[in-house]
Amino acid sequence: MYKIITKRELAPKIKLFEIHAPEIAEQARPGQFVIVRLHEKGERVPLTIAGYDRHKGTITIVFNEVGKTTKELGCLNNGDSILNLAGPLGNPSEIQKFGRVLVVGGGVMTAPLYLVAKALRDAGNELTVVVGARIKDLLIYEKEMKNIADEFYVTTDDGSKGQKGLDFLKELLSKKHFDRAVVMGPVVMMKTVSEITKPFSVKTIVTLTPIMVDGMGMCGACRVTVKGETKFGCVDGPEFDGHAVDFDELIKRQRVYLPEERVASVFYEKIGGCACGEA
Amino acid sequence: MAKPNQPTQPPAKKSKKAVPMPKQEPKVRARNFNEVALGYSEEQALEEAARCLNCPKPQCVVGCPVELDIPAFIKLIKERKYDEAIKKIKEKNSLPAICGRVCPQEEQCQKLCVLGKIGEPTAIGRLERFAADYELKKGVDTPTLPTSTGKKVAIIGAGPAGLTAAADLAKFGHEVVIFEALHVPGGVLVYGIPEFRLPKKIVEAEVEYIKKLGVKIQTDALIGRLHTIEDLFKKGFDAVFIGTGAGLPQFMRIPGENLGGIYSANEFLIRVNLMKSYRFPEYDTPIRIGKKVAVIGGGNVAMDSARSALRLGAEEVCIVYRRSREELPAREEEIENAEEEGIVCKFLAAPIRFIGDEKGWVKGMECILMQLGEPDESGRRRPVPIKGSEFIMDVDTVIVAIGRTPNPIIQTTTKGLQTTKWGTIIVDEKTGQTSIPGVFAGGDIVTGEATVISAMGAGKRAARAINEYLMQKKS
Ligand SMILES: Cc1cc2nc3c(=O)[nH]c(=O)nc-3n(C[C@H](O)[C@H](O)[C@H](O)COP(=O)(O)OP(=O)(O)OC[C@H]3O[C@@H](n4cnc5c(N)ncnc54)[C@H](O)[C@@H]3O)c2cc1C
Ligand SMILES: Cc1cc2nc3c(=O)[nH]c(=O)nc-3n(C[C@H](O)[C@H](O)[C@H](O)COP(=O)(O)OP(=O)(O)OC[C@H]3O[C@@H](n4cnc5c(N)ncnc54)[C@H](O)[C@@H]3O)c2cc1C
Ligand code: FES
């Protein structure tokens, strides 16, 4: 059992948990993820490590309440425990001195990206950071990112704050040379950014979040096509070259269980959801 | 007294046929996940045990990878001394309720049974299961534990190889910790073999027994990521056993394989067995099964997948195998069970392409017919495609069960560990010793996909070798 030490709401439906998991904290590195399972009947859900404290023996996760499991997770409180927590899984982010790096985060994935960005800055890179969300209320890690960025932008899909959409990146890329781009966010956004950086030949690293079951290379649910070859997101990734990923296939594969996910969510609400009444 | 190799009773009275295993009706069981084979009653067990000739030079024992004293335990059943019978079995086999259910006895002990020459061999597996189930029903005795040696052994992987090595090492008096990557111990026994062939409560009970021996099991611990083998030695372990199995699914690498509705058998079986998605939405993990299911392959894994698909409500389940019925690698008993339940087989055919609908879901599978040519390295006749024989099958779910290769994480995170080009770990066959001192390995990670009992045999041999290694080593 893994105890929740801190719970914070960062934005509507976006929550941060700090969880006591000393063994995982000891090994965790930026870019890796954990798999949580809440209870005996629970599913295995992957979440990226958004922070770790080796002294306190804790790791941080930040998640969006999108379906049954994440809603149920969001209803837990300080002092509650999670039944299973496996990790750290996946390859750590590639951290070295590249030069000038464009860091683009979208939605909830901005949180784990902050950990990667910090490591990149500590390795001596100059950072241009873009933090985005659908609407301004959903922006997270704005202040933190701004503090470590040499240049900082905010973008929203509806233009409610900062830039509108991602088109401004073209201008940015044509004005300045970048040695690398690192992107974490919704698949559609990673696809768009990869398409924008391609003509500028800026190597673009994306973190893929295909549907996973074990997260340890045993099932192949997470397979993605990269440069025409099948790769397993959990053990070969989660970072891949954004210019080689077949995003359209990934988008289709992520939707495979949509009807069942609705059933699970409705079923959960029918049986009363959780005690906090948010579900 | 009987003369050597002469039966103790006149064989005339004995039936040439074994007492059949009571089973659920095919029509009924094809729609539920309850165990198919119901197990012998006491009367049936006594009747079957009476068939055993109690040969003084028993051949069956030679055929058993863990050298179970088969005539001795059957004799105890005959005498209705069931407690002693199970004790006898457990001297050599810590997982009898499992082996009694899933071992390919027809190729091992029963193949060599003298009765088999004139009729059906003694049903050794069914009797083993009877004794084990008797004990489980009654409650398992806590074994007496030896005094501690003060040595610590880390076991990686809680499949049959790891569990057996752990049990034997604990019996030698060592402190044993099993690190298991998944959230439950059991390996293929819990995530692969379905409930209707091996109820999970049986595996749980056997694991409980191993815990009673003092073995600690840490789940959610993927070694290579959470700790490396080097870390384990630094943490004070004196030896390490690797039993990580062959869990990496193979795909065919043909067009369309990543369409929705195409599963590896491992994904399909993990969802169904480990995550219990056959009870969705009570359990949270979903599984989507269509009306027309094709299963590619012909081994136990293919049979288990096909039979699970049927139980999840598929209307038609077809096994597509590139050789003919004679070459099917699955156990005969399971092939018969599958056929009785209504699963059809398309032999001498293989898929070459999958066709998807506009949403990215599989809707068809193009196959090509095969003929058998010259034998290949495995001795089986090689399937050769027949030009121009392509045809399309309507399918909406495909399960790919064409084989599994070794889990690679340990090999890629352990410096100096020698492996073959297939990724299996190289060991000394007698001891399981790897290229690193103090590190041993066994089971599917060494042999590639094999059987429960061979993995257990390897675990046993390694436990003995680890014990010797630890007792020689000056601490
Ligand atoms: C390696 C990895 C790291 C991840 N890191 C994070 C993280 O740090 N924070 C976070 O909030 N989420 C993260 N995700 C996504 C997260 O795992 C899913 O949102 C979660 O599984 C949803 O579970 P659920 O039962 O609540 O919702 P479900 O009922 O399963 O799904 C609800 C909705 O979420 C979508 N969804 C389901 N699975 C995924 C997925 N893998 N990726 C994207 N959308 C999905 C469904 O299409 C559906 O629309 C990560 C996924 C992966 C594979
Ligand atoms: C569907 C199916 C049906 C089968 N039917 C039969 C049958 O009827 N009869 C029969 O005899 N055999 C059968 N087999 C084969 C048999 O199950 C295997 O040969 C046997 O389980 C191998 O045992 P093992 O201990 O070597 O490995 P496994 O059972 O594979 O166990 C390995 C364990 O190690 C864990 N692990 C892997 N990597 C790590 C790591 N890095 N750190 C920590 N833990 C790790 C895995 O999660 C797993 O729990 C079947 C196999 C399958 C898949
Ligand atoms: S999640 Fe199962 S192989 Fe990647």
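Everything numeric here is computed off the predicted structure, so don't read it as measured data. Below, chain A is the first sequence line, B the second, and so on; all start at residue 1.
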Top contributor to chain A interface from B:K276, B:R271, B:K359 [non-hydrogen pairs under 4.5 Å]: B:R271
Contacting region of B:L269 [heavy-atom separation from chain A under 4.5 Å]: neither
Proximity breakdown for B:R279 and chain A, heavy-atom pairs closer than 4.5 Å: neither
Region of A:E43 in contact with chain B, defined by heavy-atom distances below 4.5 Å: both
Residue, of B:A221, B:G247, B:G360, that accumulates the most heavy atom pairs under 4.5 Å with chain A: B:G247
Selection from B:D231, B:V184, B:L248, B:T412 maximising heavy-atom pairs under 4.5 Å formed with chain A: B:L248
Minimum-distance pair of heavy atoms, taken over all atoms of B:A158 and B:P185: CB-CB, 3.6 Å
Ionic contact status for B:K211 with B:E208, cut-off 4.0 Å: yes
Polar contact flag, side-chain donor to acceptor under 3.5 angstrom, A:N77-A:K7: yes
A:L85 portion near chain B, given a 4.5 angstrom heavy-atom threshold: backbone
Salt bridge present between B:E257 and A:R223 (N-O < 4.0 angstrom): no
B:T244 side chain to B:Q411 side chain, donor-acceptor N/O pair below 3.5 angstrom: no
Closest non-hydrogen atom pair between B:R353 and B:I355, with its separation: NH1-CG1, 3.7 Å
Proximity breakdown for B:F268 and chain A, heavy-atom pairs closer than 4.5 Å: neither
Basic-acidic side-chain contact under 4.0 Å: B:K200, B:E204: no
B:Y263 and its side chain to side chain contact (heavy atoms under 4.5 Å, CB included) partner, picked from B:V295, B:T397, B:V293: B:T397
Interface moiety of B:L222 toward chain A, non-hydrogen atoms closer than 4.5 Å: side chain
Shortest non-hydrogen contact from B:L163 toward B:G186: CD1-CA, 4.3 Å
A:L250 portion near chain B, given a 4.5 angstrom heavy-atom threshold: neither
Proximal component of A:E23, with respect to chain B [non-hydrogen, under 4.5 Å]: both
Chain A interface, residue from B:R288, B:R253, B:H227 that has the most non-hydrogen pairs under 4.5 Å: B:R288
Proximal component of B:Q250, with respect to chain A [non-hydrogen, under 4.5 Å]: neither
Region of A:R44 in contact with chain B, defined by heavy-atom distances below 4.5 Å: both
Heavy-atom contact with chain B under 4.5 Å, split by part of A:E229: neither
Residue A:V213 versus chain B: region with a heavy atom under 4.5 Å: side chain
Side-chain H-bond candidate by donor/acceptor type, A:R29 with A:N91, under 3.5 Å: no
Residue, of B:I270, B:N258, B:I409, that accumulates the most heavy atom pairs under 4.5 Å with chain A: B:N258
Considering all heavy atoms, the nearest B:T219-B:L182 contact: CB-O, 3.4 Å
